[in-house]
Each structure stands twice: as C-alpha cells, then as structure tokens.
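Take a look at the structure below.
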There are 2 protein chains.
Amino acid sequence: MTTRGRPRSFDRGKALARAMELFWAKGFDGTSLADLTGGLGINPPSLYAAFGSKEALFLEAVALYGETEGSYIWKQLDAPTAREAVERFLRASAIAFSRRGKPRGCLVILGALHPSESNREICRRLREFRAQNKVVLEDRLRRAVAEGELPEDADCSAMSSFILAVQMGMSIQARDGASRDELILTAEWATRNWFIPKVDNVASDFARQVAAKRH
Amino acid sequence: MTTRGRPRSFDRGKALARAMELFWAKGFDGTSLADLTGGLGINPPSLYAAFGSKEALFLEAVALYGETEGSYIWKQLDAPTAREAVERFLRASAIAFSRRGKPRGCLVILGALHPSESNREICRRLREFRAQNKVVLEDRLRRAVAEGELPEDADCSAMSSFILAVQMGMSIQARDGASRDELILTAEWATRNWFIPKVDNVASDFARQVAAKRH
DNA sequence: CCTGTTATGTAGTGAACGATACAGAATGGC
DNA sequence: GCCATTCTGTATCGTTCACTACATAACAGG
C-alpha cells in the first residue's frame, strides 16, 4: 500500500521550499493563497491536499527555515568560548539576513508580529520559537559562567536579551535595505567590548585613558 | 464662513488618537476599516469625510505618534553628553514601549514591515522616518566627536546603526511580552561599556584584569 | 421661512480573501 | 477490464476587504 491513486504532479519538497521563500519575503498575512498557488505553480486543491491549510504550510515552512538558515545561525554557539560564540552568532545572522536572491531578515522574527483573529496561533508559535531561542543562548552564557569565562554574577538573562535584541534589530535593518557590511558592523559593535564587570564607570575611565594614550 | 453645514458629530482629535492606538496595536494591514469605524464609533462615510482614506488616516496617526511618544524618546538626545543622550534615549524607548494600557513597541518600527501592493507607500514612508531618525542620532554622535567626547575616528554611522538595532529589537521584545524592567536591562546593556577605542582585544584583557582584581 | 452646504446612516459596490464541491484523470491491485 | 484510491483543474463558496452612492439630517446665511 505504498503509492495508490493518481501520483502527485509536483515536487512537494521544492514546493515547500518555494512557499518558505514567499512567507519569508511577505510574512504570513502578506502572503495570499493566490501568491502561493501562483508561486508554486499549482491549484488550491493540490495545495490543500499536500499541506492541509495555509497555516500548516507556514508551520512546515518555519520548520524548514529552522533546519537551514536557523541551523546555520545557531550552530555558531558551539564555538569554544562564549565570546566567539556570540560574535559568530551575530555575524552569521548578518550574513543569513542579507543573502543575494533570498528575502532579507529572519522568517521567525518577521513572519507574524501583529496578532489577529486569523494568525493568532502562528503568532504564538513564532513567539515560542523566539522564547526557546533565548533559552538556548542564555544556557550557552551560563556555561561560560560555569567555565570561568564570565564572572559568577554575570546577568546571563539580560545579556541574552540584549544580544537577541541586536539580532532582531538587524532583521529589520536588513529589511530596510542595510547592506551586509552595515549589518556586520552592527553585529561587531554589539560584542566590541564584550563583558566588562560593572564597577562604576570604570569602563569610561578606561576609555579615556586609552584615548589619551593614543595622542 | 467658518462653520457652514451640518457640524461634525465626533471629536476629530480624539478619533485620531484612537485610530493611532489601533494602528499601533495591530499595524496598518492588521487594522481593518471595520476595526477603525468600530473603535472610533463612527461610520465609514464620516471617516472618509474627516480623514480621506485609511492611508491618509494612518499617516496622520504616525504624525501624532511622532509628536507624542516620538518626541518623548528623541528629545533625550539633548542631554549634555552623547553617552547620557544615548542612555536616556534607549531608556525612554524602553519606557515608551511598555506603557500600561498602551500598545507595546513602536508604531514607526512595527507599523508596516512587509511591503505589499496595498501598503507600499506606507512602508516607504515609515522606512523614510526610520532613515531620518538614524541621521538625527548620527549627527548627535558626530557632535560628540567634534566636542572631543568621542575619538576622531569613531564610526558614528556604525554606532548609530547599532543603537537603533537595539531599539528595534526592544520594540519586538516589548511586543513579545518583555517587562519594562527587562527592556531597561537590554537598553542598559547596550551602553554599559560605551565607547572603547578598538585596540586589539584590549577590552577583554581589561575585563580579565578587573575580574582578577575582584577575587 | 427657504436655500446652500456639510455630515450622517443605510446599504450597498466590486475585488480579494481562505477554503471547497465536483467531476474527471491517473495510478495500483485484482 | 474494472474497481478503489488519490490527485488535478474548473468553478466556485461565503466572508471580509476598502470604499462609496444616495437620501436625509443639521447647521449658517439670507
């Protein structure tokens, strides 16, 4: 009982990949069924038979995004030190958000921001992904504390929120047309001074010293 | 010839303020005319007579946002030093993005991210506002260079991109439900170490020294 | 009063939305 | 050959979209 009935006339994987790009470029609400059927070269009944609904297709598209671009970005956290991990993570984000011929920014970040009656579940799921991603990054920072790379009292939650805020901002800037080099500069700026314990204004004092020494 | 004809039965200013909140909460595409007429308590012909179109109403709403929340955020750049200016700017953003009883995040940042046939002009205008805002911030940083607060070779463009990326990210995090305190922590982290000239890894060396001294 | 002007409420417009009913086409199993 | 099964194209479904035609209501000026 393997393949009974009329065979599918299109490549489901390729269709999913194309749907991912459409959702990535236009968001969930901005992508109409007409966009999908037009872009995939199939008719509505074929789409519904293969994927179930627009919502289910979107969720499959997000899963595919996670296995491709998402994986490329998040595997950077495997770097030996947390500092390298975060530097590479943000750099990889800058690169993934500005690929030639691909939509700019991140599907998980920009796919559905405003909840409405029709996309509430989609919004919730993307939000869950983002929350889970924060846990992953925060855990990586906690490991750095355990390994002595970061001080015991480092606020890993605040650090990870900050790093992800930069990534989210880069996503919007990519969408606004920022070049890859500009995105990379933003990424580098975020980790430029890495972690300096907060001893009242010692950092700016230090900055003044260094600045003075250079003249 | 001041007030001929039947007088308007609603307060145009209050209606505009209410429309601003609706657009702010749901975005341009996510706010239907039914949402607007329902929220404003008027019928479509009254809305069109008073504001012209959904698009024109949105642009007026953005202008109002700029005069209220936008003004509150951007006037912080008047602080005497650039460091204070940026710290206050991001802190004010965190506060404005998390007001009780108001939509979370920023109308200019989140109002319309994905261009489509119907919102292309809106998207373009918001993008213009964001680009103009970057110019304003970058100019403030250049002033700091001229005044000697920042070194001559400071990359004001990259700095302002970075700061605005953090602000954009905070906007999404606010929308994701981050508390005001979390947003403020993110903001503070962004300026925690402020400007340290980039002399190969001197910052992390410094961090290690400080960390060692504390034990 | 009457007239001109402006705003209002009712009730729609055509178009696009996501999703389907249905009949016919293409396969495997017998 | 014939049936059960699955997919395909055509032609919609009912709903919602932004927007408006039209008759009437409420004012100012005369």
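Chain letters run A, B, ... following the sequence lines, proteins first and then strands; every chain starts at 1.
- Identified under the side-chain hydrogen bond (donor to acceptor under 3.5 Å, both in side chains) test for residues 170-180 of chain B, with sequence neighbours left out: A/H114-B/R175, A/R127-B/D176, A/R130-B/D176, B/S98-B/R180, B/S179-B/E182.
- Per the geometry, CZ belonging to A/F58 stands 16 Å off C1' belonging to C/dG18, to the nearest Å.
- The CZ atom of B/R4 sits 12 Å away from the P atom of C/dA7 (whole-angstrom rounding).
- For residues 156-169 of chain A, the side-chain hydrogen bond (donor to acceptor under 3.5 Å, both in side chains) pairs, not counting sequence neighbours, are A/S93-A/Q167, A/K134-A/S157, A/K134-A/S160, A/K134-A/S161.
- By the ring-ring contact (aromatic ring centres under 6.0 Å, His included) test, B/Y65 pairs with B/W24, sequence neighbours left out.
- Within residues 13-26 of chain B, no residue places a heavy atom under 4.0 Å from DNA chain D.
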Inset, instruction - For nucleotides 8-17 of chain C, just jot down a letter per nucleotide in 5' to 3' order: B, S or -, based on protein non-hydrogen atoms under 4.0 Å. - result: SBB------S

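- Between B/Y48 and B/G5, the residue anchored nearer the 5' end of DNA chain D, judged by the nucleotide with its closest heavy atom, is B/Y48.
- If you take CD of B/E117 and P of D/dC17, they are 19 Å apart, rounded to a whole angstrom.
- Checked against side-chain hydrogen bond (donor to acceptor under 3.5 Å, both in side chains), B/E21 has the following partners two or more places apart in sequence or in another chain: B/K102.
- Under the ring-ring contact (aromatic ring centres under 6.0 Å, His included) criterion, B/F89 pairs with B/W74, not counting sequence neighbours.
- Rounded to whole Å, the distance from CD1 on B/I122 to P on D/dA18 is 12 Å.
- Summarising the geometry, the separation between CG on B/N119 and C1' on D/dC17 is reported as 14 Å, rounded to the nearest angstrom.
- Considering only residues two or more places apart in sequence or on other chains, A/E121 meets the side chain to side chain contact (heavy atoms under 4.5 Å, CB included) condition with A/E55, A/R124, A/R125.
- By the 6.0 Å contact criterion, CZ on A/R8 is enclosed, its count of non-hydrogen atoms from other residues, nucleotides or ligands being greater than 12.
- Residues satisfying the salt bridge (charged side-chain N to carboxylate O under 4.0 Å, His left out) criterion with A/R6, sequence neighbours excluded, are absent altogether.
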